[in-house]
Amino acid sequence: MPDAASHLPFFYGSISRSEAEEYLKLAGMSDGLFLLRQCLRSLGGYVLSMVHNLQFYHYPIERQLNGTYAIAGGKAHCGPEELCEFYSKDADGLCCTLRKPCNRPSGVALQPGVFDSMRDNMVREYIRQTWKLEGDALEQAIISQAPQVEKLIATTAHEKMPWYHSNISREEAERRLYSGAQPDGKFLLRERKENGTYALSLVYGKTVYHYRIDQDKSGKYSIPEGTKFDTLWQLVEYLKLKPDGLIYFLKESCHNPNMPAGELTLKGRTSCEHQTSGHVTDPWSCSPVEGPGKSRLLPMDTSVYESPYSDPEELKDKKLFLKRDHLMIDEVELGSGNFGCVRKGVYKMRKKQIDVAIKVLKSNNEKAVKDEMMKEAQIMHQLDNPYIVRMIGVCEAESLMLVMEMASGGPLNKFLSSKREEIPVSNVVELMHQVSIGMKYLEEKNFVHRDLAARNVLLVNQHYAKISDFGLSKALAADDSYYKARTAGKWPLKWYAPECILYHKFSSKSDVWSYGVTMWEAFTYGQKPYKKMKGPEVISFIEQGKRMECPADCPAEMYKLMQQCWTYKWEDRPGFAAVETIIRSYYYSIAAKIEKGPEETEEDKAKAACP
Ligand code: AMP
């Protein structure tokens, strides 16, 4: 996840106070000269270092619980950039206003923090071990969940450090520190037997000193009377630079001989466990719309993240046609269409039973409709992605039935219009990012969806979306880049790109156009696109170079992406690989604020909305 300040030329990353002062000296020590650096104490915080009357001033900027940034006692700002902008106009308690940025000299790169350089590997290992994922499922979990997982592991990163010796006694700590050389500053950190607190053991003058590590009510760590830190590894990194009350600073880590390579413990897991056997409960019930502070269910915690056939035992039974006696059909209707209705059900597999949605064809339907449903089944049978509704199989009995994974949250447009007040914009970005991952997968496999719309994005829960309805989809031949329809059908014109309507040409690029319309539906919380216009009016509207307006409260970056999706010429339009990258980097940049309460999200909206 990029640092919220990484684009600022006066941000240096993880440098020490004395290094900051050196840079300020080199830049001339004028009044109001300033730079920004990563805070070594608080996770996600910064320090503003500045000059006034030839003196240095260092102001810690804390990232607050609601995701905003503030200098103690000062106003809150939505990002470090906005904060600096504010203080350039109003000193508001600082020694003077920020007048001149002390930019990084050419050739000086951002200094990564300890955690920055470990983060990617830790996220990967954590996801692999916690959810037992491999291959594509692992890669996609990393892309879609990096910000959430990062938060989980930030608090457990110390367990990966060589200086962490877990639960050993004071005597054993001394034995380990006295073995081999005993330079000043050799140290280790251990968990104390008493109520899970920690202690730091440090060598100085061939003697071992032990320091208790306190944890305050808000969870911050400190040595008694010392500076407070969000995490143990930050405390250690800080004490490497400064003794802060210790007899000596931490210098050389005493390696834990039992440190298991690549091992991560699973603290911080959400409360709903991944179910691999028995009857799978409705994952929606684990995660109602959340309020602040409620634990949240990650897609990998649900039973529909991986295919039910990812278990080799189950794979042995995988066939297109399912046995009727393995299928239990509920009376509950999930939805309906011209073809018939979609019912809730349970499918019995070898080792488990899974909740399913069953598309039941009306018995009086003609052969053409049956053929269409079989075509849809053939397409879905070839797809396997966490962000696409998977087909389990078809069943021919009292009627033809398409058995699919259950996405019990219903269509995205309905969900958003009914929950407008509870769902922050950041949550919409998260879901639309997932849709882009699913569409990128289709693009890679050379499938065109041809009916991407918010009504066809189904939710597993508030934080997990899947693309559905492959009734119009086509698999393209390896060297074809588009599908040409011979005649126009009952088409969703408002979602279609100009080349679909004018030349009947459908490609991943025309799906990108539809993705833009789907984004518009999502950011308007389920409004109908092109309001009162009829299909043909929409075409002339587009031909005139007009586009739908930016939805209220929609981040400017997201409207810009919609406009890119609505590039008239398909050759100039981005593909899903590019769309996914754009929305991902925006999602990561706001992810720090994702899990916060509604107050701050309102502020988000106001700050980031289109002009
Ligand atoms: P469709 O004709 O595929 O658009 O389905 C009609 C309606 O049935 C949808 O809008 C959903 O409400 C419901 N539905 C379809 N597929 C599923 C599914 N896999 N899980 C849950 N509900 C579904």
Side-chain angles (χ1 to χ4, degrees), residues 280-287 299 302-309 322 327-347 353-362 365 368-381 383-395 399-419 431 434-435 438 442 447 449-462 464-473 489-492 494-495 514 518 521-522 526 528:
V280 176
T281 53
D282 178 359
W284 186 262
S285 64
C286 275
S287 175
T302 69
S303 56
V304 287
Y305 185 78
E306 278 200 285
S307 162
Y309 295 111
L322 309 177
L327 194 62
M328 283 158 271
I329 308 172
D330 206 298
E331 283 303 303
V332 179
E333 228 179 72
L334 298 166
S336 60
N338 293 338
F339 57 88
C341 66
V342 179
R343 284 191 189 285
K344 201 167 183 267
V346 173
Y347 179 63
Q353 301 190 76
I354 57 170
D355 284 338
V356 289
I358 310 162
K359 211 177 217 186
V360 186
L361 207 65
K362 268 189 233 152
N365 260 320
V369 186
K370 264 191 175 174
D371 290 348
E372 265 175 41
M373 191 145 139
M374 279 312 295
K375 274 191 202 153
E376 185 178 352
Q378 299 284 5
I379 296 273
M380 289 182 87
H381 200 56
L383 306 173
D384 178 6
N385 182 274
Y387 301 104
I388 290 178
V389 170
R390 295 185 186 88
M391 193 194 60
I392 314 297
V394 284
C395 183
S399 38
L400 184 62
M401 293 176 278
L402 187 71
V403 181
M404 297 167 286
E405 279 179 337
M406 170 68 103
S408 60
L412 180 65
N413 54 340
K414 283 194 187 157
F415 175 79
L416 290 176
S417 62
S418 66
K419 301 267 186 317
L431 294 169
Q434 295 175 348
V435 175
L442 284 186
F447 281 75
H449 188 285
R450 297 179 70 221
D451 200 5
L452 180 59
R455 63 181 172 278
N456 289 330
V457 172
L458 300 182
L459 295 183
V460 176
N461 62 41
Q462 184 190 335
Y464 189 6
K466 280 179 178 260
I467 300 159
S468 80
D469 203 339
F470 289 79
L472 285 172
S473 304
K490 235 181 117 191
W491 285 348
K494 289 184 177 179
W495 282 261
S514 313
T518 310
E521 294 180 273
K528 295 200 166 71

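For ligands, and for the atoms within them, numbers begin at 1 and follow the listed sequence. Predicted model only: the values in this text are computed from it and were never measured.
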Can you tell me the protein heavy atom closest to [atom] and the distance?
| atom | result |
| --- | --- |
| atom 8 (O) of ligand 1 | Val342 CG2, 3.4 Å |
| atom 1 (P) of ligand 1 | Asp469 OD2, 3.8 Å |
| atom 23 (C) of ligand 1 | Leu458 CD1, 3.7 Å |
| atom 13 (C) of ligand 1 | Leu334 O, 3.9 Å |
| atom 2 (O) of ligand 1 | Phe339 CE2, 3.2 Å |

Would you tell me which option among Ser408, Ala407, Ser336, Pro411 has the nearest heavy-atom contact to atom 20 (N) of ligand 1?
-> Ala407

Selection from Ala357, Gly409, Gly335, Cys341 by shortest heavy-atom distance to atom 7 (C) of ligand 1 | Gly335

Please work out which of the three classes, parallel, tilted or perpendicular, describes the rings of Tyr387 and Tyr464, given edges at 30° and 60°.
->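 Rings of Tyr464 and Tyr387: perpendicular, over 60°.
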
Checking the side chain of [X] only, and the main-chain atoms of [Y] only, is there a donor and an acceptor separated by less than 3.5 Å?
| X | Y | value |
| --- | --- | --- |
| Lys466 | Val304 | yes |
| Gln353 | Val346 | no |
| Arg390 | Leu383 | no |
| Ser468 | Asn456 | yes |
| Arg450 | Gly471 | no |

Can you measure from CE (Met373) to CG (Leu361) and round to the nearest 0.5 angstrom?
-> 5.0 Å

Spacing of OG belonging to Ser336 relative to NZ belonging to Lys359, to within rounding of 0.5 Å | 11.0 Å

Is there any N or O on Glu405 that sits under 3.5 Å from an N or O of ligand 1?
->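 Yes; at least one N/O pair falls below 3.5 Å.
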
For ligand 1, which atoms sit closer than 4.0 Å to a heavy atom of [X]?
| X | answer |
| --- | --- |
| Met404 | 16 (N), 19 (N) |
| Met406 | 20 (N), 21 (C) |
| Val389 | 19 (N) |

Is Lys359 near ligand 1, meaning one of its heavy atoms is under 4.0 Å from it?
-> yes

Is Ser468 in contact with ligand 1, taking contact as a heavy-atom separation below 4.0 Å?
-> no

Taking the side chain as C-beta and beyond, is there a heavy-atom pair between Ile388 and Phe447 under 4.5 Å?
-> no

